[in-house]
Amino acid sequence: MDVTRRFWALVGGGLTLAVLSVVFAQPPLLYGTAAVGAFVLYRQLRYLTAVRTVADTLRVAQSTTSRRVDKGGETVVTLTAQLSRAVPVEVTATASLPLFADAPSTADQSVRIEADTEPAETTFTVQWPVVGRGTFEAPYVTIEDDFGLFRSTFRRGPELTVRVEPRVPRNVHVGEGGDQVAAAFGGHRSERQGEGVDPAELRQYTAGDSVSNIDWKATARLDYPHVREYETETDQQTVLFVDHRASLGAGRDGRTKLDYLREVALTVVSNAQELSDPVGVAGVGPEGTTAWSPPSTDTTVYDSVRTTLHDCTPTGTQGTRRDAEHGHSMGVTRQKATALAGDDSAFETRVRPFLDETRGYVQRMASEPLFQTVRTRLTQLSSASWLLLFTDDTERAELRETAKLAANGGAGVIVFLTPSVLFEHAGLRDLEVAYEEYVAFEEFRRELSRLDGVTALEVGPSDRVEAVLTAGRNRR
Amino acid sequence: MATSGVVARLRERTTTVSVALVVLVHLGLILITPNGVDIQLLVGVEIAVLLLVLGVEWFGGVPASEMLPLAGGFVALLATTWGFQRVSTSLTGASVLVVTTLAVLVYSLHRYELLVLGVVDQ
């Protein structure tokens with residue numbers, strides 16, 4: 001209970017009478033002090049009765065539209081309070097905001113509570129500029145008496161916690177045709193046997209084997225000398241080609257295609273570092289190579305590669321690049337040209353110039369940024385390098401030719417592809433259409449995977465993959 | 001809204017008016033009778049003061065039943081003061097006892113309120 005200046009003024013009046021009674025030796029003035037004291041106590045008792053009623057009957061609750069929010073996001077908080085009995089005091093409930101939360105209007109955070117069958121309610125918007133766990137402590141309840149003598153503040157009601165998360169992709173799906181791939185990217189088997197620590201196989205002793213390689217326990221058990229072989233330790237050189245052209249910026253803020261690919265790329269780098277494998281990175285923008293870090297096992301290189309990955313932002317302007325005709329490979333074009341050979345129909349006359357454009361096709365491909373970057377960097381890499389391409393499905397012809405080129409020049413190629421259909425900004429509005437687009441994507445992914453030495457994996461939000469596949473299953 | 005504001009201000013002022021009346025009446029009593037106050041006159045004045053304060057409360061809209069603690073407390077504290085005056089050898093001692101008693105009562109109610117609100121355990 002806090003007292004106001006008015007309370008002290010009343011007490012001062014009573015004390016003055018007491019002092020005067022002593023100074024002037026007038027006992028009646030002391031009765032005046034007692035009278036003032038009786039009046040102040042009466043007011044305090046009335047206030048206390050009201051406070052007890054409030055404490056017994058007040059119900060306060062607070063809720064929010066979401067318990068989880070992205071950094072920079074907003075939530076709407078509702079504060080409700082109900083008093084079932086009338087009291088001769090003014091009761092106000094005020095929300096208690098976490099330190100790092102911003103609320104544009106402070107006036108909306110309080111609600112005055114009158115005795116009513118319906119709860120008093122206020123709503124206000126809270127912004128979350130910082131990542132963390134924000135706790136709304138129990139709201140403050142303030143009671144003020146009608147006579148302006150006393151005021152009390154206490155907390156009543158439940159706490160409310162909101163988790164503010166960074167704008168990074170969650171539930172990253174890496175897989176094939178909707179099936180998650182469980183492998184740790186970056187991990188590898190040498191497929192060669194020799195010195196090492198990982199057991200590969202047990203075989204019978206043959207002339208020429210070192211006696212020190214004999215597994216004596218197995219020999220005793222199998223009644224014939226046996227030799228245990230181990231998998232040879234190798235270094236797998238890995239180079240990441242990260243496309244960050246405009247189309248990779250599709251998706252919600254913090255959950256774009258590039259954000260998902262970055263998560264996968266960062267996992268690859270971590271695994272490579274764990275295995276002490278050399279790793280390098282090349283950034284691909286609309287004009288060609290934007291960053292290049294040659295493969296190395298130097299500890300600073302891993303950090304440098306991570307920095308490059310974090311620095312990649314979608315650049316350039318996005319056009320309509322997904323074109324079915326444009327998506328045909330040069331081989332298919334040649335097949336069509338052969339099929340039409342000798343045909344003198346009007347159709348052949350009309351189509352022939354397009355099929356004869358093979359030279360233009362090669363020139364066009366050479367100027368495409370991803371193709372150009374891979375071709376340039378392949379000359380600087382050993383043929384034992386694994387090449388990882390991180391891109392989307394918009395430039396299909398370019399990607400197909402790039403994958404072929406990389407497969408010819410390296411030990412193997414893994415293409416991490418983000419299906420554009422899973423990154424529509426407005427969400428998956430029409431699931432049937434989305435499913436059809438996903439099927440088209442899947443056909444393209446399989447086509448890439450059929451190429452020699454190429455593995456194509458899809459990367460995207462698992463919830464959307466599941467939604468699209470469920471729509472497909474329901475249609476059947 | 002405006003009417004309720006005026007009523008609220010009047011209610012706030014009833015407290016000040018009541019205490020001011022109590023102080024003024026007692027000061028006036030001393031001025032009128034500088035050579036000492038007769039006990040019967042004192043009792044009569046205190047009853048008048050009590051009625052005055054109750055009247056102000058009634059004007060402020062307080063129901064009669066809720067004014068009983070005021071009347072009871074008024075009578076009890078005046079009787080306690082009379083008792084302190086009788087047992088104390090000096091007026092200073094009686095004054096200290098009265099003021100201390102009031103302070104203890106006010107503080108006790110304050111502590112009880114903290115207990116009711118759950119701010120303190122005991």
Side-chain angles (χ1 to χ4, degrees), chain A residues 1-4 6-7 9-56 58 88 90 141 143 145-150 152-156, chain B residues 8 11-16 18-20 22-23 25-27 29-30 33-34 36-37 42 45-46 49-50 53 57 60 62 66-67 69-82 84-85 90-92 94-96 98-99 101-103 105-106 109-110 112-114 116-119:
Chain A
M1 184 191 297
D2 299 323
V3 291
T4 63
R6 180 171 291 164
F7 171 85
L10 301 187
V11 170
L15 284 175
T16 305
L17 286 179
V19 171
L20 288 177
S21 77
V22 174
V23 171
F24 296 111
Q26 290 288 351
L29 290 178
L30 193 57
Y31 289 94
T33 302
V36 171
F39 189 73
V40 170
L41 278 169
Y42 160 69
R43 281 274 187 264
Q44 194 180 2
L45 200 63
R46 269 178 65 88
Y47 176 73
L48 184 57
T49 309
V51 167
R52 278 187 62 174
T53 309
V54 171
D56 289 345
L58 181 65
E90 192 175 309
V141 176
I143 305 175
D145 81 322
D146 284 356
F147 304 101
L149 297 179
F150 308 104
S152 303
T153 304
F154 60 100
R155 290 184 184 276
R156 182 56 55 95
Chain B
R11 280 172 69 82
E12 275 185 21
R13 284 181 187 172
T14 55
T15 307
T16 317
S18 298
V19 173
V22 172
V23 172
V25 165
H26 283 87
L27 286 174
L29 182 66
I30 300 305
T33 57
V37 182
L42 183 62
V45 167
E46 295 301 344
V49 166
L50 175 60
V53 170
E57 284 295 286
V62 178
E66 289 183 21
M67 285 192 275
L70 174 59
F74 196 92
V75 172
L77 276 172
L78 258 60
T80 308
T81 305
W82 178 77
F84 283 151
Q85 209 187 333
S90 69
L91 191 57
T92 307
S95 297
V96 169
V98 168
V99 170
T101 304
L102 287 171
L105 286 172
V106 168
L109 287 178
H110 163 66
Y112 180 66
E113 187 227 9
L114 295 182
V116 166
L117 292 178
V119 180

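We name chains A, B, ... by the order of the sequence lines, and we start the count at 1 in each one.
- Between chain B and the options A:A55, A:A35, A:G14, heavy-atom pairs under 4.5 Å are most frequent for A:A35.
- A:R155 does not touch chain B: none of its heavy atoms, backbone or side chain, sits under 4.5 Å away.
- In this structure, the portions of B:V116 lying under 4.5 Å from any heavy atom of chain A include both its backbone and its side chain.
- Per-residue counts of heavy-atom pairs under 4.5 Å with chain B were compared for A:V36, A:V3, A:D56; the largest is that of A:V36.
- No side-chain heavy atom of A:T153 sits less than 4.5 Å from a side-chain heavy atom of A:V141.
- Residues passing the side chain to side chain donor-acceptor pair (under 3.5 Å) test with A:E90, sequence neighbours excluded: none.
- Looking at A:L41, the atoms closer than 4.5 Å to chain B (heavy atoms on both sides) sit in the backbone and in the side chain alike.
- The side-chain hydrogen bond (donor to acceptor under 3.5 Å, both in side chains) analysis of residues 15-34 of chain A, with sequence neighbours excluded, yields the pairs A:Y31-B:Q85.
- When A:G37, A:G13, A:P28 are compared by the number of non-hydrogen pairs under 4.5 Å with chain B, A:P28 comes out ahead.
- Geometrically, A:R43 engages A:F147 in a cation-pi contact, judged by NZ or CZ lying under 6.0 Å from the ring centre and within 45° of the ring axis.
- Heavy-atom pairs under 4.5 Å with chain B were tallied for A:F150, A:F154, A:Y42; the largest tally goes to A:Y42.
- Interface remark: A:L48 contributes side-chain atoms only to the contact with chain B (heavy atom separation under 4.5 Å).
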